[in-house]
Amino acid sequence: MPIPYPISDVKIWGRTGPGRSWLGSLAASSLVVLAPIGTIVLYIGFDVIILRYDPRPTAEAAFAIACWVGWQAVLFQVLPAEVCEGQYTPAGHALTYRLNGLSAWIITHLVWVTLCWAGILDPAFIARNWSGLVATMNLGGVLVAALAFAKAYIYPTHPRDRKFSGSSVYDFYMGIELNPRLGQNFDFKLFSNGHLGMMIWTLIDFSNMAYQYQTAGHVTLSLALLSALQTLYVLDFFVNESWYLGTIDIAHDHYGFYLAWGCICFLPTMYTIQAQYLGLYPTRPSNTYLAAVFGLGLAGYAMFRSVNNQRHKARLLGRNCRIWGKPAEFIVASYTTADGKRRESLLLCSGWWGWSRHANYVGDLVFSFSSCALVGSPQIVVWTYAFWMTMLLVHRCMRDEKRLEVKYGDAWAEYCKRVPWRFLPGVW
Ligand code: NDP
């Protein structure tokens with residue numbers, strides 16, 4: 001809409017002046033949507049909603065979650081593992097990680113199938129006990145975040161890799177310790193992100209398939225394709241677990257409510273919304289529609305994997321790396337760790353990383369929107385996952401770039417000049 005008077009850069013008292021960041025506009029627009037809904041929730045009564053839908057922990061759900069966490073902790077500790085080194089931390093540590101997520105995933109799912117086959121476990125147990133499980137995971141996530149917060153003060157793993165913002169609330173939210181561990185190997189982040197969060201995703205999908213089968217007498221193609229697509233994504237995560245060590249989750253984000261509650265409660269509840277919906281309300285989009293959307297989802301996944309592989313390969317092989325048949329091009333970026341040592345990173349400028357600075361996010365978004373589209377419903381709740389991923393990845397891109405600007409200085413500026421687009425060339 002045209003502005004009815006000229007905007008000048010000069011600030012006038014009583015006005016904040018022109019130039020709102022798009023993030024500020026996004027926050028404002030969230031309020032525009034949430035405030036009216038909030039008044040309706042107030043009118044109905046929050047307690048009435050809670051009582052009506054009954055999301056409270058049950059003994060059964062608490063027992064199931066305790067078994068789940070205990071079982072995963074045992075697998076994490078005892079299964080043979082590939083030992084890989086992570087990136088240098090700001091304090092100059094290069095930690096080793098025991099990676100056995102793939103074998104843990106296979107064993108977990110084989111045990112699940114066997115228990116269901118033997119009639120010991122209802123394959124639809126998760127779907128049938130969902131409200132109790134959500135409530136228990138919610139409390140569990142908050143509890144783990146609180147433990148991580150206390151541990152950071154009382155018993156930190158690497159004291160010089162802690163981050164204090166000056167606000168305890170913010171520290172609780174974003175985390176203090178970078179790599180909290182119990183003993184040498186029990187890494188909180190790797191365990192809760194992979195073994196608790198990603199691992200349960202496929203079981204939730206399968207449980208909703210079982211629920212649909214038990215209640216509707218069949219499994220719809222849309223739910224089968226959705227589960228296949230998401231299983232591919234989860235398996236990819238575990239097959240490429242060493243790549244995960246170089247991502248922001250492990251290499252840069254500190255462990256607080258954001259990661260602990262996020263992986264223990266938010267990931268299982270939010271990322272599986274489409275399967276939950278289809279378990280309750282089967283849909284029947286046409287086969288042509290499903291084939292097209294499934295194909296798009298596979299294409300998104302292929303792009304996501306190819307971009308991530310290029311970076312991983314470039315960091316492993318350095319100057320010997322070839323991308324798309326040509327020697328890879330790099331910008332040499334140096335940075336200093338807290339021990340005073342000057343270190344070097346290579347910023348890849350070839351292949352996808354010369355196309356845009358976060359092409360992996362684009363692939364992930366194509367994948368996310370396709371999985372929501374597989375449901376074949378215009379209901380907003382079905383699309384929540386894709387909207388969430390858009391917000392998460394756009395925000396992630398902004399905060400990562402801010403950090404890289406400080407870490408690499410001129411080298412980062414040079415990369416941004418050479419590859420000016422964040423997501424889609426010509427768009428943003
Ligand atoms: P990246 O894997 O893109 O890692 C970003 C880091 O890569 C930067 O911090 C920097 O680290 C390094 N880097 C940046 N530019 C270059 C370059 N040109 N060459 C070499 N290294 C570079 O981001 P994420 O960790 O956020 O995401 C990893 C994947 O996981 C993505 O595909 C994303 O879509 C997905 N993801 C999925 C989520 C989900 O919930 N499903 C959540 C988050 C991510 P350094 O300091 O080492 O230089």
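Both ligands and their constituent atoms are indexed starting at 1 by order of listing. Quick note: residue numbers are just sequence positions, from 1.
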List the closest protein heavy-atom neighbour of [atom]: residue, atom name, distance to the nearest 0.1 Å.
atom	answer
atom 42 (C) of ligand 1	L392 CD2, 3.5 Å
atom 5 (C) of ligand 1	D400 OD2, 3.6 Å
atom 36 (N) of ligand 1	D364 OD2, 3.6 Å
atom 7 (O) of ligand 1	R311 NH1, 3.1 Å
atom 3 (O) of ligand 1	N360 ND2, 2.9 Å
atom 38 (C) of ligand 1	M389 CE, 4.0 Å
atom 10 (C) of ligand 1	L404 CD2, 3.7 Å
atom 46 (O) of ligand 1	K407 NZ, 2.7 Å

So, the side chain of [X] versus the backbone of [Y]: is there a donor-acceptor pair under 3.5 Å, distance only?
X	Y	value
S368	A386	no
K151	P156	no
D187	L190	yes
N100	F76	yes
T108	A104	yes

Which atoms of ligand 1 sit under 4.0 Å from any heavy atom of [X]?
X	answer
R396	24 (P), 25 (O), 26 (O), 43 (C), 44 (C)
T247	25 (O), 28 (C)
L346	19 (N), 20 (C)

Is there a polar contact, in the sense of an N or O pair closer than 3.5 Å, between [X] and ligand 1?
X	result
L393	no
Q87	yes
Y415	yes
H252	yes
I248	yes
N308	yes

Does ligand 1 have any atom sitting under 4.0 Å from a heavy atom of R403?
-> yes
Looking only at heavy atoms of V419, does any of them come nearer than 4.0 Å to an atom of ligand 1?
->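 Checking ligand 1 against V419, which is what was asked, there is no heavy-atom contact under 4.0 Å.
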Given [options], identify the one with the heavy atom nearest to [atom].
atom	options	answer
atom 40 (O) of ligand 1	Y271, F367, Y335	Y271
atom 27 (O) of ligand 1	F237, Y361, Y88	Y361
atom 48 (O) of ligand 1	Y408, W352, Y233	Y408
atom 29 (C) of ligand 1	W388, W353, Y244, W243	W243

Salt bridge (charged side-chain N to carboxylate O under 4.0 Å, His left out) partners for R403, two or more places apart | D400
What residues form a salt bridge (charged side-chain N to carboxylate O under 4.0 Å, His left out) with R418, not counting sequence neighbours?
->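 Salt bridge (charged side-chain N to carboxylate O under 4.0 Å, His left out) check on R418 returns E329.
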Report yes if the distance between the aromatic ring centroids of W68 and W71 is under 6.0 Å, otherwise no.
->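 So the answer is no for these two rings.
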Validation row, ring centre F367 to ring centre F304 under 6.0 Å = no
Check each of Y170, F172, Y153, F149 against F164 using the ring-ring contact (aromatic ring centres under 6.0 Å, His included) test, and report the only one that passes.
->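 So the option named by the test is Y153.
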How does H358 reach ligand 1, if at all, at less than 4.0 Å between non-hydrogen atoms: by side chain, backbone, both, or neither?
->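 The answer is neither; H358 stays 4.0 Å or more away.
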Would you please say whether a donor-acceptor pair under 3.5 Å links the side chains of W324 and S350?
->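 No - no donor-acceptor pair under 3.5 Å links their side chains.
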May I ask you to check whether H158 and T89 show a side-chain donor-acceptor distance below 3.5 Å?
->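 No - no donor-acceptor pair under 3.5 Å links their side chains.
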Distance from C372 atom SG to I380 atom CD1, nearest 0.5 Å?
-> 11.5 Å
Identify whether the distance between the nearest side-chain nitrogen and carboxylate oxygen of R422 and E401 falls below 4.0 Å.
-> yes
